[in-house]
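Remarks on the structure that follows.
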Amino acid sequence: MCGIVGYVGAQQAAPIVLEGLVRLEHRGYDSAGLAVLGGSGLRVGKRAGRVRDLAEALPKRFSGRLGVGHTRWATHGPATDANAHPHTDTAGLVAVVHNGILDNASALRAALTDAGVELVSDTDTEVLAHLVERSGADTLEGKVSDALAAVEGTYGLAVVHADFPDRIVVARHGSPLIVGVGEREMFVASDLAALVRHTTTVAHLEDGELATVTATGFTTMRRDLTTTHREAATLDIDPAGYEAGEHASYMRKEIAEQPESAERVLRGRIDERFATAHLGGLGLDPRETRGISRVKVLGCGSAYYVGQMGAALVEELARIPADAEAASEFRYRDPVIEPDTLYVAVSQSGETVDTLLAVQEIRRKGGRVVGLVNVVGSAVARECDGGVYLHAGPEVAVASTKALTTMFLGFALLALQLGRVRDLSIADGRRLIAGLQRIPDQVREILAQEDEYAEVARQLATAESLFFVGRVRGFPVAREGAQKFKEISYRHAEAYQTSELKHGPLALVEPSVPTVAIVPDDELVDRNVAALHEIAARGGPLVVVTHPGVDLGDVPATRLDVPRSERELDPVLLTIPLQLLAYHAALHLGHDIDKPRNLAKSVTVE
Ligand code: AGP
């Protein structure tokens with residue numbers, strides 16, 4: 001969703017800020033803008049549309065060595081030039097870029113209007129620029145602090161002021177804000193992706209913190225301006241991970257990276273001697289583990305569907321009742337938080353606000369929550385009692401792929417660890433470890449079949465509407481397959497339990513509605529094949545994702561064979577062809593693969 005980039009140093013700010021905004025495009029946005037402070041004071045350029053439209057529209061001499069920029073995802077008011085950030089005060093001295101939502105914006109707008117201020121946008125953010133300007137404080141930090149005292153809601157924001165031309169003041173409450181340290185130049189951003197070309201030495205602000213950023217360094221403080229002494233740390237990340245390189249899109253690259261990311265999430269976490277996993281970051285000793293009576297997984301979208309796969313793994317391997325729930329719904333049903341339940345929050349970005357709020361709700365009520373998170377130091381990771389980093393590497397495409405594979409494997413490790421403290425035998429532990437160790441090569445095997453999947457995808461892309469069906473372990477696979485397909489192909493793709501077809505959806509099956517059926521070689525194979533017959537009898541075209549040797553009888557179907565794993569681990573391999581079906585369908589339809597319409601990489605507003 002919205003993104004922030006800022007620069008202060010010896011170079012021209014505008015090109016650096018614009019390049020940073022391009023790197024945040026994957027987050028999803030509908031307008032962009034920037035403000036620079038130079039010899040001629042504060043200058044602002046902003047417009048609805050792409051960053052490249054903004055860059056083309058800027059005057060040639062848009063100079064200044066300090067600047068802040070923004071990509072906006074419309075919340076208050078439509079995507080128009082006037083609503084794009086930065087927002088300024090009436091005199092044009094102050095410019096503010098803001099991620100998040102101010103809950104009391106209507107009241108503040110009314111109060112400003114009553115005071116004679118002419119508001120020129122529909123946004124909540126504009127009030128901040130006026131509040132900063134109207135503060136009587138004599139420092140920019142004091143002015144920002146005063147403005148923040150009046151607002152309710154969430155923010156990551158950056159403020160510049162023509163009277164304080166050496167500094168950017170940033171603040172965080174619920175929306176990430178990072179300060180990047182360079183050589184006599186400094187950066188700010190809402191996402192590391194915008195900074196890695198310049199620096200990997202960064203400080204993450206905590207909620208409630210402000211920072212003053214000048215060309216020579218930064219200082220952090222609480223909102224009452226007492227200092228917090230936050231220091232920057234150099235992150236061990238490879239900036240190349242943020243480049244698409246030889247690949248046509250980030251999604252294609254991230255699909256291809258799965259064998260290596262699968263190796264990384266498993267590395268150093270398998271204990272062959274005791275046939276178990278070791279996830280030290282969970283902070284669970286064996287006695288506590290034995291005391292867990294239930295596992296509840298919380299995530300959103302695809303993370304929720306992998307959470308369903310993960311809950312099934314825990315229940316099967318550890319024999320602990322487990323289920324997954326959409327984090328976006330969780331806190332609104334006033335959930336009972338049980339002291340013996342282990343709550344698991346799962347998120348690639350670690351920024352998804354619904355997941356974060358669910359974690360906060362659990363902790364507020366005294367529950368124990370651990371995270372399976374990809375982005376190191378992200379809000380969800382920091383908020384949890386313990387956790388497991390997924391080591392998928394940077395994921396840029398909106399459609400999540402490699403992060404999901406690592407989430408599944410993270411759950412498999414968790415289930416193995418819980419299981420081996422309880423009743424999972426050493427023989428089963430060894431069987432699963434062998435299965436896990438085969439996964440990276442099996443993913444390579446599946447990816448080698450890409451041409452075959454591409455052909456099938458082109459046929460599926462012609463349908464306006466599709467079903468994805470599966471049972472038990474196969475159902476979350478079907479949900480994830482439908483999710484990926486609809487996300488980037490914009491086709492109506494709906495997931496059902498195969499067993500539920502007869503209870504309604506079969507009415508829609510006809511020659512123009514293909515079904516992608518997940519049919520693993522498990523205890524339900526006969527029932528699944530029977531359902532295929534019912535679909536075929538109604539003329540429904542079938543694509544069946546299955547295992548070699550599964551007898552589909554005389555059902556007319558396009559068959560995609562996937563290597564077998566241990567049964568409990570099958571879902572992760574069954575998911576990979578569905579990623580490629582979605583990818584090639586979208587490619588065939590000519591869609592923007594990495595930036596599907598209406599969607600954002602990190603959903604940071606409720
Ligand atoms: C996945 O393809 C989707 N873009 C989306 O459902 C995503 O999984 C969801 O928004 C959760 O994101 P997170 O993993 O960063 O929390």
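Whatever order the structure lists them in is the order used to number ligands and atoms, beginning at 1.
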Donor-acceptor contacts under 3.5 Å from residues 297-310 side chains, at least two apart:
unit_1	atom_1	unit_2	atom_2	d
Ser302	OG	Glu480	OE1	2.6
Ser302	OG	Lys484	NZ	3.3
Gln308	OE1	Arg479	NH1	3.1

### Close-range residues for ligand 1, whose non-hydrogen atoms fall below the 4.0 Å threshold
Cys300, Gly301, Ser302, Ala303, Ser347, Gln348, Ser349, Thr352, Val398, Ala399, Ser400, Met407, Gln483, Lys484, Glu487
#### Entry: Neighbour count >12 (heavy atoms, 6.0 Å) for atom NE2, His278
no
### Task
Give a yes/no verdict on a cation-pi contact between Arg597 and Tyr490, requiring under 6.0 Å between NZ or CZ and the six-membered ring centre and an angle within 45° of the axis.
yes
### Glu452 CD: over 12 foreign heavy atoms closer than 6.0 Å
yes
### Message
What I want to find out is whether Arg23 reaches Glu243 closely enough, with some N-O distance under 4.0 Å, to be called a salt bridge.
### Response
yes
### Task
Please state whether the rings of Phe468 and Phe485 are parallel, tilted or perpendicular, taking 30° and 60° as the class boundaries.
tilted
